[in-house]
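I have placed the structure first, in the form of structure tokens, so that the comments after it can refer back to it.
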Amino acid sequence: DRGMTWWKSSVVYQIYPRSFADSDGDGIGDVRGIIDHLDHLSALGVDVLWLSPIYRSPQDDNGYDISDYTDIDPLFGTLADVDELIAALHQRGMKLVMDLVVNHTSDEHQWFIDSRDPASDKRDWYVWRPAREGFEPGAEGAEPTNWGSYFTGSAWQYDEASGEYYLHLFSRKQPDLNWENPSVRQAVYAMMNWWVERGVDGFRMDVINLISKTLPLVDGEPTPGLGGLCYDPGMVANGPRLEEFLKEMNAAVGLSQRQLFTVGEMLAVDVDHARRYTSFEADELGMVFTFEHMSLDQQPGVSKFFLAPLHLPDLKANLALWQYGLADDGWNSLYWNNHDQPRVVSRFGDDSDEFRVTSAKTLGTVLHMLRGTPYVYQGEELGMTNAGYTEAEQYADIESVNFYRLATAAGLPVEAVLTGLAAKSRDNARTPVQWTEGPNAGFTSGRPWLPVNANHVTINADAARADAGSVFHHYRRLIGLRHDHEVVREGRFELLLPDHEQIFAYTRTLGDQVLVTVANMSSHEVRLQPGDVPDVTGAEVLIATHEQPTVDVLRPWESAVYLVG
Ligand SMILES: O=C(CO[C@H]1O[C@H](CO)[C@@H](O)[C@H](O)[C@H]1O)[C@@H](O)[C@H](O)[C@H](O)CO
């Protein structure tokens, strides 16, 4: 049965190696640090480990700028360390998913170094263009199109030596590969097969729906207030040959045939696109990551740093749209956190001492009881919070640093810019994992590359593991429910109380079994009316944040899951 894929009953744990665990005291996490903490993953019960990039890289974007795809950056370790990690994971019944970053490479990759020479047979491996008609090459406004890079500023860099511009949708040191060139595609597939032969079980594909550009490349609508450049992700996403490339890749690497795990990170992807890309008949991808539910607490059409309050009915409506949209074909990925998003307990929960644990648990429950494959980002299982930075100098992330420079140069009040960064900067997700209450939270014996959050004295893995009521043990139980109950894996989703401003409630139905999830997503007590949710009298309570849960009155951030039938 084409739909019978192993990852439908799996939970994925994402590691951002720089910030997970440092084994050699250089202040930067590494592969041996991961090997030293596999017990933590086994205790949590996760099935798949997704590793953000550890390949050789000048680290301009913390590894998402790769200079050698088949070698490990010495910061993180060696190929032998990775072989040991793969063996150790497989021995524990877990799988390893590597990050595949092939929309772009580093400008220090040999391919790009060769490509800079117009006579090189690698010239057409990247996207080179002459200056805009009628402009002096290198002059103001001579860029081939008005596209903005995701890290702000023009997406084109003038190359004095060859007198032309190359495209970089991210940083200047991340030139885009030209996927129109079949030699580029074959080189990528060969690299993927090299890793599969080494024991890797699948790939998380970085911004994979940007690889097919619509030709010819033309100007887009300037984004208001951002210097006249076009920052519309739709400008370059979901191009005309994307599905052709995904099918070709799938066949060349045997992704479906070898049941390899694949998830495509996709900006500007909607549920209709996702249905096509993840359809069981299509042989393209297993899942996609959408940003739609991550874009509801920002002002529409500008940058994520322009904040807007989250309206719970909007979040429920979007999650429901994807649950219904992929109900009978395709498959959802489920996530609140990753290395690009702020910590969910600070964003959608309440990270005060009074409600941090309960709101973190309830956010876990409402996500993990949905239909799809859940992703847990390192530290989420501990209820780690945002970094709480107040000064521009504290930020290390290229996207945040560039945005601060552009926004203040454009005359935006510094306070407003710092407020936006404090809420949305990617550095919020990148503070070191808090293992102990001790120095540097047990992350490193050296000086951490990014300061450890001071709240590690109370929020740390040792304390969480020792406390049966912790977020850690709640996540362990949620993961257990997915392994033990087919209704959690396959049950048909139905949203309840769509317009309720505080309550998130829904059912999952499989045969005569009904799972009822009811959650109060506010810091205030909420009273429900009879009939608001199905009668759960006598039902088995599978998991709950509070003793004696009821569906009449829900305490702040209270949630419970009932199994009826
Ligand atoms: O666009 C991406 C794609 O991210 C992927 O691609 C980026 C380039 O490789 C890389 O920086 C990211 O870490 C990787 O996940 C997000 O980083 C985006 O910039 C934003 O932060 C999300 O709100």
Side-chain angles (χ1 to χ4, degrees), residues 12 14-19 50-55 57-67 69 97-107 109 147-153 155 167-177 203-211 223 226 231-238 263-269 288-308 333 335-344 347 375 377-378 386 395-404 406 420-421 423-430:
V12 182
Q14 180 197 359
I15 285 182
Y16 191 68
R18 281 184 86 90
S19 304
W50 154 28
L51 212 43
S52 277
I54 53 172
Y55 314 97
S57 161
Q59 305 293 323
D60 185 58
D61 183 18
N62 291 358
Y64 280 91
D65 50 313
I66 298 168
S67 54
Y69 288 106
V97 166
M98 293 286 269
D99 218 305
L100 181 77
V101 187
V102 290
N103 171 70
H104 45 268
T105 70
S106 164
D107 64 347
H109 193 296
W147 294 1
S149 146
Y150 288 105
F151 294 156
T152 64
L167 178 68
H168 61 88
L169 291 177
F170 293 89
S171 89
R172 215 170 276 147
K173 288 183 67 59
Q174 291 169 299
D176 280 51
L177 280 167
F203 299 95
R204 174 267 185 191
M205 305 185 186
D206 193 62
V207 287
I208 200 69
N209 66 330
L210 301 183
I211 61 179
T223 305
L226 284 178
Y231 286 94
D232 165 12
M235 191 63 221
V236 284
N238 307 309
V263 58
E265 181 209 29
M266 294 195 172
L267 293 151
V269 68
V288 302
F289 285 134
T290 174
F291 284 76
E292 291 193 345
H293 67 307
M294 292 282 116
S295 317
L296 301 172
D297 52 352
Q298 65 184 72
Q299 292 164 33
V302 281
S303 141
K304 64 179 182 180
F305 297 114
F306 292 75
L307 309 179
S333 65
Y335 76 94
W336 286 138
N337 286 296
N338 60 36
H339 60 293
D340 292 333
Q341 300 295 334
R343 294 275 179 191
V344 71
R347 184 182 192 179
Y375 292 72
Y377 177 65
Q378 64 182 42
N386 277 352
Y395 292 98
D397 168 37
I398 183 172
E399 181 188 56
S400 302
V401 170
N402 287 7
F403 178 79
Y404 181 83
L406 175 102
L421 284 174
K424 291 294 185 64
S425 170
R426 306 190 301 177
D427 282 331
N428 284 309
R430 301 174 180 190

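We count ligands from 1, going down the list as the structure has it; atoms in each ligand are counted the same way. Residue numbers start at 1 and run along the sequence shown.
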Where ligand 1 meets [X] - atom numbers and elements under 4.0 angstrom, heavy-atom basis:
X: H339; result: 12 (C), 13 (O), 14 (C), 15 (O)
X: H104; result: 8 (C), 9 (O)
X: Q341; result: 22 (C), 23 (O)
X: V207; result: 3 (C), 6 (O)
X: F151; result: 11 (O)

**Working for side chain to side chain contact (heavy atoms under 4.5 Å, CB included), residues F291 and Q341** = CA-CA 10 Å; F291 284 76; Q341 300 295 334; 3.9 Å; yes
**Request:** Please work out which of the three classes, parallel, tilted or perpendicular, describes the rings of H104 and F170, given edges at 30° and 60°.
**Result:** tilted
**Request:** Report the relative orientation of the aromatic rings in Y69 and Y55; use parallel for angles under 30°, tilted for 30 to 60°, perpendicular for over 60°.
**Result:**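 Rings of Y69 and Y55: perpendicular, over 60°.
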Which heavy atom of the protein is the closest neighbour of [atom], given with residue, atom name and distance?
atom: atom 10 (C) of ligand 1; value: D61 OD2, 3.3 Å
atom: atom 3 (C) of ligand 1; value: E265 OE2, 3.1 Å
atom: atom 15 (O) of ligand 1; value: D340 OD2, 2.4 Å
atom: atom 7 (C) of ligand 1; value: F170 CE2, 3.7 Å
atom: atom 22 (C) of ligand 1; value: F291 CE2, 3.5 Å
atom: atom 9 (O) of ligand 1; value: D206 OD2, 2.7 Å
atom: atom 19 (O) of ligand 1; value: E399 OE2, 2.9 Å

**Prompt:** In terms of side-chain geometry, is the basic nitrogen of D340 or K424 positioned less than 4.0 Å from the acidic oxygen of its partner?
**Reply:** no
**Request:** State whether D65 and K173 are salt-bridged, where the test is any N-O pair (Lys NZ or Arg NE/NH1/NH2 against Asp/Glu carboxylate O) under 4.0 Å.
**Result:** no
**Request:** Answer yes or no: is there a side-chain heavy-atom contact under 4.5 Å between D176 and N103?
**Result:**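 D176 reaches N103 side chain to side chain.
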**Asked** Do any nitrogen or oxygen atoms of Y150 lie less than 3.5 angstrom from nitrogen or oxygen atoms of ligand 1?
**Response**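 There is no such contact.
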**Prompt:** Can you tell which of K304, R426, M266 gets a heavy atom nearest to atom 17 (O) of ligand 1?
**Reply:** R426
Check contact between [X] and ligand 1, using heavy atoms of the residue and a distance below 4.0 angstrom.
X: K424; result: no
X: M294; result: no
X: R204; result: yes

**Asked** Given the side-chain rings of Y335 and H293, with only the six-membered ring counted for Trp, is the space between their centroids under 6.0 Å?
**Response**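 Centroid distance Y335-H293: below 6.0 Å, so yes.
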**Asked** Would you say the side chains of S171 and D61 form a donor-acceptor pair under 3.5 Å?
**Response** no
**Asked** With no hydrogens and no angle check, do the side chains of S52 and Q14 hold a donor and an acceptor under 3.5 Å apart?
**Response**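 A donor-acceptor contact under 3.5 Å links the two side chains.
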**Complete:** Contact region, L267 to ligand 1, non-hydrogen atoms below 4.0 Å, reads side chain
**Message:** The test is side chain to side chain contact (heavy atoms under 4.5 Å, CB included); show your working for Y150 and E399 and say whether it passes.
**Reply:** CA-CA 8 Å; Y150 288 105; E399 181 188 56; 5.6 Å; no
**Request:** Could you tell me whether the side chain of D397 and the main chain of D427 form a donor-acceptor pair under 3.5 Å?
**Result:**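 No.
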